[in-house]
Q: 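Here you go, one structure.
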Amino acid sequence: METSALVAVLATIVAWCVLAGRLQQLGLTAPIVFVAGGWVFADVLGVLELEAEPELVKVIAEVTLVWVLFADASRVQFGQFRRDLSTYVRLLGIGLPLTIAIGTGAAMIVLGFDPWAALLVGAALAPTDAALGAPVMSNPHVPAKVRSVLNVESGLNDGIATPIVLVAIAGVAVDEGVLGVESPGGAVVSLLVGLLAGIVVGSVGGLVTRRARERGWLSEELGGPAVLALALLAYTAALFTDGNGFVAAFVGGLVFGNVAGRSGEKEVYFVDQSSDMASMISWLIFGTLAIPVIQDSWSWAMLGYAVLSLTVVRMLPVVLALLGAGLDRYSVVFVGWFGPRGLASVIFALIALEDLHGAGEDVVAVISLTVLLSVMAHGFSAVPAANRFAAKGPPAEG
């Protein structure tokens, strides 16, 4: 990467971090700013050229996804959400599979994709990203239960969708004759190995961290970097044993968060901050690479599918899953609408773009267009939609 490009990227990160509070009041979000920045740097100013650096793109994408999966999963404390467990099971056990199934079917019908490519699109666009609707998560008018549902769902659905995405990428590779990507059967075996690696690393890391903290051995300054490295250790340990590193990172975070105890949240906060930084860079890369892919593959069918994905494909399964869950009608519609497609979908698209060596450009274009529309639609509608709860009663506690 040229020095001028590095200066531009770092200056954008500093400017966003300093001005974020004010810009968010205007309806801007980090994804909007960095996607636009990536497009400007690449297509308008010509200072950023990443097509010649596929390895760099892949490393950034993979490390970002590892940290996001680990941090999201570590927040899920089993003892804290038992009261609303049935709601989470409805969304993740009924809503998510339905979303993937309907999204896959729609991709075959609307776009004419083969089954593996359609499954890749449906699975990659199923995870939601609560961070994309940050004003929703911090708005006191939004009931605590609704915020909790959105947070837990987005924390778990990317990890659940990851294995399906990776198996689908393997299937597309076989169909397209792409070398260097394992078969769907091999991908399933690697998922199981990754599951075991995540359990081992997460449990041992959580236990060691907890005992070290209890005995006063854990440095306050170094606890965060230790957990940051632990997330990467889960990933690399799985790769070393021919397992899936992303599944290991997700399962490792889930186990770590429940073994390390509540004090472990302080260490995970450092992982959160690091993943925030990596996420900014990933969104910028997305703006650099994805917009040209969209332009090259553009069709009205793509746009139609993107709109369907953000509405019917997401909202219908949510409504069906939440029937009888005790939420009022507006809350159900709100949860259905606030399924923004975010960082996980972006990373899946970047990984598919690099692993498939251009064979899956149509797939990547559809994912990219959907995420781009989501960034705009959910970013600008977050505050008005959340504020509508104010008319329904006093601000919710919690």
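We're numbering straight along the sequence, starting at 1.
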Q: Tell me, which pairs form a ring pair (Phe, Tyr, Trp, His ring centres under 6.0 Å) where one or both residues lie in residues 149-172, sequence neighbours left out?
A: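 Residue pairs with at least one partner in residues 149-172: there are none.
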Q: Are I109 and L303 connected in a single hydrophobic cluster, I mean Ile/Leu/Val/Met/Phe/Trp/Tyr linked by side-chain heavy atoms less than 4.5 Å apart?
A: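 No, no single cluster joins them.
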Q: Please walk me through it: do L195 and L191 pass side-chain contact (heavy atoms from CB on, under 4.5 Å)?
A: CA-CA 6 Å; L195 175 68; L191 297 177; over 6 Å; no
Q: Is there a path from I199 to F256 through hydrophobic residues (I, L, V, M, F, W, Y) whose side chains come within less than 4.5 Å of each other?
A: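 Linked within one cluster.
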Q: Please confirm whether the backbone N or O of R210 pairs with a side-chain atom of R215, one donor and one acceptor, at under 3.5 Å?
A: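 No, because the side chain of R215 does not come within donor-acceptor range (under 3.5 Å) of the backbone of R210.
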Q: Once rounded to the nearest 0.5 Å, what's the spacing between atom CZ of R90 and atom CG of L320?
A: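 Going from CZ on R90 over to CG on L320, the span is 11.0 Å.
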Q: Run the side-chain contact (heavy atoms from CB on, under 4.5 Å) check on T99 and L125 step by step: do they pass?
A: CA-CA 9 Å; T99 298; L125 289 173; over 6 Å; no
Q: Could you walk me through whether V9 and L284 pass side-chain contact (heavy atoms from CB on, under 4.5 Å), step by step?
A: CA-CA 8 Å; V9 171; L284 192 139; 4.0 Å; yes
Q: Please report the closest heavy-atom contact between A123 and I164, naming both atoms and the distance.
A: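 Closest approach of A123 to I164: CB-CG2, 3.7 Å.
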Q: Looking only at heavy atoms, which two atoms of F338 and A385 are closest? And how far apart?
A: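 Distance-wise, the nearest heavy atoms are CE1-CB, 3.8 Å.
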Q: In the structure I gave you, are the side-chain heavy atoms of D242 and V193 within less than 4.5 Å of one another anywhere?
A: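 Side-chain contact under 4.5 Å: no.
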Q: Checking T64 against S282: is there a side-chain donor and acceptor pair closer than 3.5 Å?
A: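 Yes, T64 and S282 have a side-chain donor paired with an acceptor closer than 3.5 Å.
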Q: Report yes or no: do T128 and N157 form a side-chain donor-acceptor pair below 3.5 Å?
A: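 Indeed, the side chains of T128 and N157 share at least one donor-acceptor pair under 3.5 Å.
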Q: Considering non-hydrogen atoms only, spot the tightest contact between I294 and A365 and give its length.
A: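 For I294 versus A365, the nearest heavy atoms are CG1-O, 3.8 Å.
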Q: Same cluster or not: L196 versus V167, using hydrophobic residues (I, L, V, M, F, W, Y) connected whenever any side-chain heavy atoms lie under 4.5 Å apart?
A: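 No, it is not one cluster - the side chains of L196 and V167 are not joined through contacts under 4.5 Å.
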Q: Does a salt bridge link E153 with R147, judged by any charged N lying under 4.0 Å from a carboxylate O?
A: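 Between R147 and E153 there is no salt bridge, as every charged N stays at least 4.0 Å from the carboxylate O atoms.
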Q: Hey, does L65 have a side-chain heavy atom less than 4.5 Å from the side chain of I351?
A: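 The answer is yes; the side chains approach within 4.5 Å.
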Q: Any donor-acceptor pair under 3.5 Å linking the side chain of S374 with the backbone of R341?
A: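 Such a contact is found between S374 side chain and R341 backbone.
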Q: Considering non-hydrogen atoms only, spot the tightest contact between P317 and I102 and give its length.
A: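 Smallest heavy-atom distance, with atoms named: CG-CD1, 3.8 Å.
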Q: Between A349 and V364, what is the shortest heavy-atom contact and its length?
A: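 Taking A349 first and V364 second, the nearest heavy atoms are O-CG2, 3.7 Å.
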Q: Compare every heavy atom of F270 with every heavy atom of P225, then report the nearest pair and how far apart it is.
A: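 The answer is N-CD2, 3.6 Å.
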Q: Check the pair F348, T162 against side-chain contact (heavy atoms from CB on, under 4.5 Å), reporting the backbone distance first and the verdict last.
A: CA-CA 8 Å; F348 292 149; T162 296; 3.4 Å; yes
Q: Roughly how far, to the nearest 0.5 Å, is the CE atom of M376 from the CD1 atom of I32?
A: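 Between atom CD1 of I32 and atom CE of M376 there are 5.0 Å.
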Q: Side chains of L192 and N244: closer than 4.5 Å at any heavy-atom pair?
A: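 No, every pair of side-chain atoms sits at 4.5 Å or beyond.
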Q: Measure the shortest side-chain to side-chain distance between V318 and L322 over non-hydrogen atoms and say whether it is less than 4.5 angstrom.
A: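 Touching, per the 4.5 Å side-chain cut-off.
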Q: Using a 3.5 Å distance criterion without hydrogens, assess whether the side chain of S74 forms a donor-acceptor pair with backbone atoms of A71.
A: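 The answer is yes, because a donor-acceptor pair under 3.5 Å joins these two groups.
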Q: Could you state whether V149 and V332 fall into the same hydrophobic cluster, counting links through intermediate Ile, Leu, Val, Met, Phe, Trp or Tyr residues with side-chain heavy atoms under 4.5 angstrom apart?
A: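 Yes, it is one cluster - the side chains of V149 and V332 are joined through contacts under 4.5 Å.
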Q: Identify every side-chain donor-acceptor pair in residues 229-240 under 3.5 Å, counting partners at least two apart or on other chains, and give the distances.
A:
residue : atom : partner : partner atom : Å
Y235    : OH   : E62     : OE1          : 2.9
T236    : OG1  : L232    : O            : 3.0
T236    : OG1  : L233    : O            : 3.2

Q: Given 3.5 Å as the limit, does a donor-acceptor pair link the side chain of R213 with the main chain of L218, or not?
A: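 Flag not set: sc R213 to bb L218 has no pair under 3.5 Å.
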Q: Any side-chain to backbone donor/acceptor pair from D114 onto A117? Under 3.5 Å, distance only.
A: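 It does not hold such a pair.
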Q: Which residues pass the side chain to side chain contact (heavy atoms under 4.5 Å, CB included) test with A118, not counting sequence neighbours?
A: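 With neighbours one apart ignored, the set is T104, A107, M108, F113.
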Q: How far does CH2 of W16 sit from CG of D276, to the nearest 0.5 angstrom?
A: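 Rounded to the nearest 0.5 Å, the CH2-CG separation comes out at 11.0 Å.
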Q: First locate atom CG of L91, then atom CG of L98, and finally report the distance between them rounded to the nearest 0.5 Å.
A: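 Taking CG in L91 and CG in L98, the distance rounds to 11.0 Å.
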Q: Do W337 and V375 share a hydrophobic cluster (ILVMFWY, side-chain heavy atoms under 4.5 Å, transitive)?
A: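 W337 and V375: one cluster.
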Q: Have S331 and D328 got a donor and an acceptor in their side chains that come within less than 3.5 Å?
A: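 Side chains of S331 and D328: pair found under 3.5 Å.
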Q: Please enumerate all residues that pass side chain to side chain contact (heavy atoms under 4.5 Å, CB included) together with S275, with sequence neighbours excluded.
A: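 Side chain to side chain contact (heavy atoms under 4.5 Å, CB included) check on S275 returns W67, V68, D272.
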Q: Measure from the side-chain N and O atoms of R314 to the backbone N and O of G336, and report whether any donor-acceptor pair falls under 3.5 Å.
A: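 Yes; judged by distance alone, with no hydrogens or angles, the pair exists.
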Q: Measure the shortest side-chain to side-chain distance between L373 and H378 over non-hydrogen atoms and say whether it is less than 4.5 angstrom.
A: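 Contact flag for L373/H378 side chains = no.
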Q: Is any side-chain heavy atom of L69 closer than 4.5 Å to one of F246?
A: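 Side chain of F246 against side chain of L69, heavy atoms only: contact under 4.5 Å found.
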Q: Is any side-chain heavy atom of I100 closer than 4.5 Å to a side-chain heavy atom of L119?
A: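 Result yes, sub-4.5 Å side-chain heavy-atom pair found.
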Q: Could you give the distance from CG (L254) to CZ (F70), rounded to the nearest 0.5 Å?
A: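 Separation between the atoms: 10.0 Å.
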Q: Looking at side-chain heavy atoms only, is the closest gap between I60 and I285 below 4.5 Å?
A: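 Result yes, sub-4.5 Å side-chain heavy-atom pair found.
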Q: Keeping to residues at least two apart or across chains, list the side-chain hydrogen bond (donor to acceptor under 3.5 Å, both in side chains) pairs with something in residues 291-311.
A: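 Listed by first then second residue: S297-D362.
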Q: When the side chains of residues 33-47 are checked against the rest of the protein, which donor-acceptor pairs come out under 3.5 Å, sequence neighbours left out?
A:
residue : atom : partner : partner atom : Å
W39     : NE1  : D43     : OD2          : 3.3

